[in-house]
Amino acid sequence: MSNPDFDDVLTSTIASRSGQLADNMTNNNALLRRLKSKGKIRPISGGSKIVEELEYGEGDLTWYSGYDTIEYTPKQLFTAAEYSLKLCAVPVAISGEDLLKNSGKERIVDLFEKRVENAIKTIGNKMSAAIYSDGTGSSGKEIGGLALLVADTPTTGTVGGINRATAGNEFWRNKSTQMTEALSTDNIHAAMDKMYMSLCRGTDKPDLIICNNDIYGIYEATLLPQQRYSDNKLADAGFTSIKFKGADLICDGGQNGHCPNDKIYFLNTDYLYLRPHKDRDMKVIGGERMAVNQDALYKIIGWAGNMTMSNASLQGVLINKTA
């Protein structure tokens, strides 16, 4: 039988850190941090699917005078995208041997604290990588990230249960441009300008642009010193950023950077969401878990949810030509 006092220490240590675990996941990634700041992290309470309602049609408008007839033809103006619930977990464990060696309560806390800190880093880094996934990782169990939602080839594939190849579903396709020559200081402004302008709709426009170190360096080299200004909040949070037409251009490369080398994502985060389950947002799953054939005690930190989108046409990706 495990030490019940130790189990209380282990459980309470993780439980008290659940908020920190969730915060670390969002604060470790510029996109998730932006979604959090805009209230786009929206927990779900249940259901087999995560549903995002989509407004894609327009009603009738009739110009008239006097007693002209005002025509009305019923139209389908709304639909919905359905996203699957994806789950992940990070186990935190301690062996019976370590428990004996660290038998004092304070020493147990010190030992376990290090393992919880490691779990925090693991969750932040793994989720930051998953943000760029296409949902096929781990046999389709991974969340659908930017490679799915803002696809290189938006005329194929199914996103949120909607087939992008089907006639009539053009509204559900993001913008994608493949460069015919490699990005350089001579052409990067024109290429980025064209993509940015294609994603503007009235006051709707991209607010976050993400690229890797090399592309970021090319763009930065074209700027005069007085043009290199950034969002103070992002800078204070440790993100390297500069402005492009009012949008924050973020460098997500180098060590622990996950943006693909050949991509620049142009995102309108008003229509992107992280939808965690309220009962599995970096929380301990179940109670005590004693290994069946090991002298060890486990606690599992779990997360469930997915990334979702409610407007594809206002998202874009610029793909660099590589050798």
Side-chain angles (χ1 to χ4, degrees), residues 28-34 125 128-134 145-157 164 173-201 204-235 237-272 309 311-323:
N28 196 56
N29 179 276
L31 172 55
L32 294 184
R33 189 179 183 91
R34 175 60 55 88
N125 291 336
S128 290
I131 294 305
Y132 295 98
S133 74
D134 63 1
L146 294 180
L148 175 69
L149 303 178
V150 191
D152 294 1
T153 310
T155 54
T156 64
R164 287 176 157 177
R173 299 171 185 170
N174 60 272
K175 303 293 190 301
S176 177
T177 299
Q178 171 70 62
M179 293 291 296
T180 57
E181 57 182 355
L183 287 169
S184 67
T185 53
D186 294 327
N187 64 18
I188 192 168
H189 270 278
M192 291 180 66
D193 281 344
K194 187 174 181 180
M195 174 58 73
Y196 181 93
M197 297 307 296
S198 73
L199 298 171
C200 292
R201 183 186 67 178
D204 268 328
K205 52 181 64 76
D207 63 289
L208 188 66
I209 304 171
I210 307 175
C211 63
N212 81 322
N213 290 9
D214 293 339
I215 295 175
Y216 186 92
I218 292 171
Y219 176 73
E220 189 177 35
T222 68
L223 302 179
L224 298 172
Q226 65 267 28
Q227 293 176 304
R228 295 186 179 124
Y229 62 97
S230 63
D231 185 306
N232 290 334
K233 291 182 179 179
L234 286 171
F239 297 104
T240 303
S241 71
I242 46 183
K243 290 287 187 178
F244 179 83
K245 294 185 180 298
D248 292 304
L249 174 60
I250 300 292
C251 172
D252 187 10
Q255 292 189 9
N256 295 326
H258 301 287
C259 187
N261 294 337
D262 61 340
K263 306 286 195 307
I264 309 179
Y265 286 104
F266 291 71
L267 307 176
N268 186 325
T269 61
D270 283 343
Y271 304 98
L272 295 173
M309 175 176 65
N311 187 304
S313 65
L314 297 179
Q315 319 296 338
V317 58
L318 180 63
I319 307 167
N320 193 17
K321 181 180 180 182
T322 55

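Source: prediction; values computed, not measured.
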*Describe, in one word, how the ring planes of Y265 and Y132 are oriented to each other, choosing from parallel (under 30°), tilted (30 to 60°) and perpendicular (over 60°).*
tilted
*For P154 and R173, which heavy atoms make the closest approach, and how far apart are they?*
O-CG, 3.2 Å
*In chain order, what residues pass the side-chain hydrogen bond (donor to acceptor under 3.5 Å, both in side chains) check against D262, with sequence neighbours excluded?*
none
Donor-acceptor pairs under 3.5 Å, side chain of residues 187-196 to any protein atom, not counting sequence neighbours: which ones?
| unit_1 | atom_1 | unit_2 | atom_2 | d |
| --- | --- | --- | --- | --- |
| N187 | OD1 | S184 | N | 2.8 |
| N187 | ND2 | E181 | OE2 | 3.4 |
| N187 | ND2 | A182 | O | 3.0 |
| H189 | NE2 | T222 | OG1 | 2.8 |
| D193 | OD1 | K245 | NZ | 3.4 |
| Y196 | OH | K245 | O | 3.1 |

*For K263, what residues pass the salt bridge (charged side-chain N to carboxylate O under 4.0 Å, His left out) criterion, not counting sequence neighbours?*
D152
*Please determine, by modelled atom types, if T269 and D207 share a side-chain donor-acceptor pair under 3.5 angstrom.*
yes
*Could you walk me through whether L149 and Q315 pass the side chain to side chain contact (heavy atoms under 4.5 Å, CB included) test, one step at a time?*
CA-CA 8 Å; L149 303 178; Q315 319 296 338; over 6 Å; no
_Using only atom types and a distance under 3.5 Å, with no angle test, would you say the side chain of D252 pairs donor to acceptor with the backbone of I210?_
no
*In terms of side-chain heavy atoms, does N320 have a donor or acceptor partner in T322 at a distance below 3.5 Å?*
no
*What closest approach, in Å, do I131 and L32 show between heavy atoms, and which atom pair accounts for it?*
CD1-CD2, 3.6 Å
*Validation row: I215, L318 side chains within 4.5 angstrom (heavy atoms)*: no
_Any N268 side-chain heavy atom under 4.5 Å of L199 side chain_ = no
_Closest non-hydrogen atom pair between Y216 and S241, with its separation_ = OH-C, 3.3 Å
*asked:* My understanding is that only residues two or more places apart in sequence, or in another chain, count here; which of them pass side-chain hydrogen bond (donor to acceptor under 3.5 Å, both in side chains) with T177?
replied: none
_Using side-chain heavy atoms (C-beta onward) and a distance below 4.5 Å, is R201 in contact with L314?_
yes
*Are L272 and L208 side-chain neighbours, meaning at least one heavy-atom pair lies under 4.5 Å?*
no
*At what distance, to the nearest 0.5 angstrom, does CG of D270 lie from CG of N311?*
10.0 Å
*Please identify each residue that fulfils salt bridge (charged side-chain N to carboxylate O under 4.0 Å, His left out) with D214, with sequence neighbours left out.*
none
_So R33 and I250, do their side chains get closer than 4.5 Å, heavy atoms only?_
no
_Side-chain donor/acceptor of K175 to backbone N/O of S313, under 3.5 Å_ = yes
*Does the pair L146 and L267 meet the rule for a side chain to side chain contact (heavy atoms under 4.5 Å, CB included), with working shown?*
CA-CA 10 Å; L146 294 180; L267 307 176; 4.1 Å; yes
*With sequence neighbours left out, what residues match N174 under side-chain hydrogen bond (donor to acceptor under 3.5 Å, both in side chains)?*
R164
*What residues, two or more places apart in sequence or in another chain, satisfy side-chain hydrogen bond (donor to acceptor under 3.5 Å, both in side chains) together with S176?*
none
*Can you tell me how far the CD1 atom of I209 sits from the NZ atom of K243, to the nearest 0.5 Å?*
10.0 Å
*Interatomic distance, T185 atom OG1 to Y219 atom OH [nearest 0.5 angstrom]*: 13.0 Å
*Closest contact, heavy atoms only, K205 versus C200*: CB-SG, 3.8 Å
